[in-house]
Amino acid sequence: MRFTKFFIPTLREVPSEAEAVSHKLLLKAGYIRQLASGLYILLPLSWRVLNRINKILIEEMEKINAQEITMPILHPAEIWQITGRWYEIKEEMFRLKDRGGRDMCLGMTHEEIMTWLAAREIRSYRELPQIWYQIQTKLRDEARPKSGILRTREFIMKDSYSFDIDEDGLDISYNLHAKAYQKIFTRCGLNFYKVESDPGMMGGACAHEYMAPSSAGEDDIVICDKCGYIANVEIAKSVPQSMENDEWNTIEELFTPDKKSIKEVSEFLGVDTSLFIKSLLVVSLEGFILILLRGDQELHEKKLAKIIGQFRIAQSDEVLSHLNIEAGFIGPVGYKGTIIADASLKDGTFITGANKLNYHVRGIKPHLHFEADWHDIHIVKSGDSCAICKNKLIIEKAIEIGNIFKLGTKYSVPLNAVFLDNKGLEKPMIMGSYGIGPARIAAAAVEQNNDENGIIWHKSIAPFDIQILPLNMSDKKTIEISESLYTNLSEIYNSLTDRNMEVLLDDRNVRPGVKFKDADLIGIPLQIIIGERSLKNNYIEVKRRRTKEIFKISTTRTEAEIVKIYYETQ
RNA sequence: CGGGGCGUAGCGCAGCUUGGUUAGCGCACCUGCCUUGGGCGCAGGGGGUCGGAGGUUCGAAUCCUCUCGCCCCGACCA
């Protein structure tokens with residue numbers, strides 16, 4: 001491709017709204033433009049990147065016998081009403097009516113539609129398993145689109161769905177996807193982790209996410225570099241560091257006038273917050289529950305919701321009317337109802353509210369002075385110990401680039417996706433669903449691979465393989481060599497992409513500096529620099545974008561050498 | 001949805017506090033010359049009515065009211 005025939009609108013200055021590195025670089029290097037909040041135009045360069053990623057996706061999906069299909073984006077409400085998600089999902093779903101007044105929605109995911117198809121078409125266990133997938137647009141009215149193409153309202157997704165006769169079958173489909181995903185992200189050159197995750201609203205029992213570490217990420221992942229435990233903070237378990245403390249062997253009331261928060265009391269008494277019990281009254285559907293956390297810990301609301309269902313923190317007047325004490329001075333001793341306590345409180349001696357205005361009480365020992373149901377309900381903090389091996393945990397930010405879910409029968413039962421097994425019994429299909437965001441792969445790749453000059457693409461997903469930079473377009477020899485290299489290289493097969501070498505020839509009549517700057521910005525892995533200075537000595541230069549290494553290649557026998565350097569480029 | 005910030009030429013910005021020539025600068029763009037190893041130089045030129053609406057005023061980019069849009073933090077995220 002010739003630069004003058006290809007639309008690459010690079011910028012000198014980045015629009016001020018861009019914050020994330022990938023957002024800035026993709027704008028500056030002429031890959032994307034914003035249409036509105038959360039809506040992006042993918043210009044020719046990024047469309048080429050996306051297509052390369054999609055090709056990898058297709059290849060790896062075909063290897064696990066997944067079949068590509070495509071489904072409508074516009075859905076009738078009815079199917080979503082049957083599974084209940086029409087009502088569960090709120091503003092995030094784009095809804096509209098057709099001319100007949102029928103409720104419709106734009107697809108944010110395709111479990112319903114895929115299951116609808118399976119329900120109609122599959123009768124027998126002989127037709128199972130099936131894995132169907134598509135690479136197609138999804139629409140979600142995100143509360144807050146952000147960071148360029150990392151979180152948008154309209155995006156392309158590779159989503160696949162497996163249908164099996166039983167749990168064992170699902171395990172196989174799930175593991176096939178896990179393997180395929182591993183290969184996909186590896187082939188894309190990403191640094192990533194597979195982490196345990198919360199199945200959330202997708203339902204189902206088991207889920208993993210693929211996370212590309214990056215400061216632009218929206219998720220926090222917890223890593224133990226000793227035993228390999230790794231999980232999303234949403235479900236991660238940990239053992240908070242504990243303070244040794246044997247001094248308080250008797251119970252003593254402490255006068256703490258107007259000191260209500262743990263922080264205030266801790267400062268007032270000069271005692272570390274980890275030696276306090278934080279008491280929180282919450283209101284669940286079954287009534288009041290007292291929640292206990294160590295003073296230095298925060299409540300993980302999702303963990304608690306899994307135990308007690310929907311709840312909210314009690315208002316201060318509710319605390320007063322239920323316990324007859326002001327909110328800042330409540331404690332577990334003598335509490336009559338249900339108590340749920342974080343496991344970090346199991347051992348030790350603590351200070352807590354005395355259930356008496358302006359007093360706290362010291363020397364409280366769990367089991368001795370109160371009992372509780374023990375659970376892990378705190379948010380993992382960096383420095384906590386691994387729940388498995390006690391090693392110190394690390395927390396890292398990451399971009400979610402893919403996920404896999406075991407759905408079970410959550411969709412097949414309501415949509416009546418059933419089959420007859422080999423005994424003639426009707427059974428619901430056991431399902432899984434699996435997603436990858438190709439644009440997020442691209443953005444994560446940019447986040448992980450860039451320098452002060454611009455993007456550095458991995459060979460497998462770069463928009464072009466090689467870029468030729470003729471430095472002086474009015475020099476005959478330069479043109480001659482450039483054109484011949486351009487033609488010859490374009491005819492060489494590239495086994496990495498299963499196409500011929502894709503070469504970008506910068507045939508613009510601009511100064512060398514402009515070409516150098518743009519080439520580095522755009523980030524094609526290999527640059528061929530053709531300048532009069534080197535031609536005089538019968539060589540050209542081949543430069544690796546990532547390492548800035550320069551190879552001097554004789555003007556005879558050049559193509560073979562260049563291809564060799566290409567394959568050896570990281 | 002809560003909190004904060006910002007809308008002046010394609011991009012980056014100044015002007016606004018204290019209303020008053022024809023709204024300004026850099027980059028980009030167009031023409032010509034020149035130049036060709038890291039966004040080169042010189043000369044000439046085109047482009048905005050100040051996000052929108054209403055109001056105050058002799059007079060509004062500037063003051064007031066409403067409104068739309070974008071970004072960031074948080075909540076949310078199937």
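Keep in mind that what you see is a predicted model, and the values were worked out from it rather than measured. Numbers restart at 1 for each chain; the letters A, B, ... are given by sequence-line order, proteins then strands.
- Shown here are the side chain to side chain donor-acceptor pair (under 3.5 Å) partners of A:Glu68, two or more places apart in sequence or in another chain: there are none.
- Checking B:A75, B:C70, B:U36 against the side-chain heavy atoms of A:Ser474 singles out B:U36 as nearest.
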Determine, stepwise, if the pair A:Cys206 / A:Tyr174 fulfils side-chain contact (heavy atoms from CB on, under 4.5 Å). CA-CA 10 Å; A:Cys206 172; A:Tyr174 191 83; 3.7 Å; yes

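- A ring-ring contact (aromatic ring centres under 6.0 Å, His included) with A:Tyr181 holds for exactly one of A:Tyr210, A:Phe192, A:Tyr193; it is A:Tyr210.
- Side chain A:Asp518 to base B:G39: a donor-acceptor pair is found below 3.5 Å.
- One atom, NZ of A:Lys548, and another, P of B:G38, lie 16 Å apart when rounded to the nearest Å.
- For the salt bridge (Lys or Arg N to Asp or Glu O under 4.0 Å) criterion with A:Asp518, the lone passing option out of A:Arg511, A:Arg12, A:Lys28, A:Arg508 is A:Arg508.
- For A:Phe311, the ring pair (Phe, Tyr, Trp, His ring centres under 6.0 Å) test picks out no residue, with sequence neighbours left out.
- No engagement by A:Thr478 is indicated, since no non-hydrogen atom pair under 4.0 Å with the nucleic acid exists.
- Within 4.0 Å (heavy atoms only), A:Glu234 reaches no atom of the nucleic acid at all.
- Taking the side chain of A:Ser37 as heavy atoms from C-beta on, and the options B:G37, B:G39, B:C70, the nearest nucleotide is B:C70.
- Nucleic acid contact class of A:Arg144 (heavy atoms, under 4.0 Å, all strands): base.
- Contacts of residues 530-538 of chain A with RNA chain B (heavy atom under 4.0 Å): A:Gly531, A:Glu532, A:Arg533, A:Ser534.
- In this structure, A:Lys515 reaches neither bases nor backbone, as no heavy-atom distance under 4.0 Å exists between it and the strands shown.
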Base versus backbone protein contacts along nucleotides 6-16 of chain B [heavy-atom cut-off under 4.0 Å; B, S, -]: -----BSS---

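- Positionally, the nearest nucleotide of RNA chain B for A:Ala143 lies more toward the 5' end than for the other of A:Ala143 and A:Met108.
- With sequence neighbours excluded, no residue satisfies side chain to side chain donor-acceptor pair (under 3.5 Å) with A:Ser16.
- At the heavy-atom level, A:Lys543 lies under 4.0 Å from base atoms of the strands shown.
- Judged by distance alone, the side chain of A:Tyr486 and the main-chain N or O of A:Met1 form a donor-acceptor pair under 3.5 Å.
- Contacts of A:Ala36 with the nucleic acid, taken as non-hydrogen atoms under 4.0 Å apart, involve only primed sugar atoms and P, OP1 or OP2.
- Separating the CD1 atom in A:Ile524 from the CD1 atom in A:Ile466 is a distance of 10.0 Å, to the nearest 0.5 Å.
- Below the 3.5 angstrom threshold, one finds a donor paired with an acceptor across the side chain of A:Arg511 and the base of B:U35.
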For A:Ser433 and A:His110, run side-chain hydrogen bond (donor to acceptor under 3.5 Å, both in side chains): C-alpha distance rounded to whole Å, both residues' side-chain angles, the deciding distance at 0.1 Å, then the answer. CA-CA 9 Å; A:Ser433 84; A:His110 277 77; over 6 Å; no

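- Distance from the side chain of A:Gln34 is smallest to B:C70 among B:G39, B:U36, B:C70.
- Judged as a side-chain hydrogen bond (donor to acceptor under 3.5 Å, both in side chains), the pairs with a partner in residues 436-448 of chain A (not counting sequence neighbours) are, in order, A:Ser22-A:Glu447.
- Residue-level contact check: A:Glu218 touches neither bases nor backbone, having no heavy atom under 4.0 Å from any strand.
- Residue A:Lys28 is the one, among A:Glu91 and A:Lys28, whose nearest nucleotide of RNA chain B lies closer to the 5' end (criterion: closest heavy atom).
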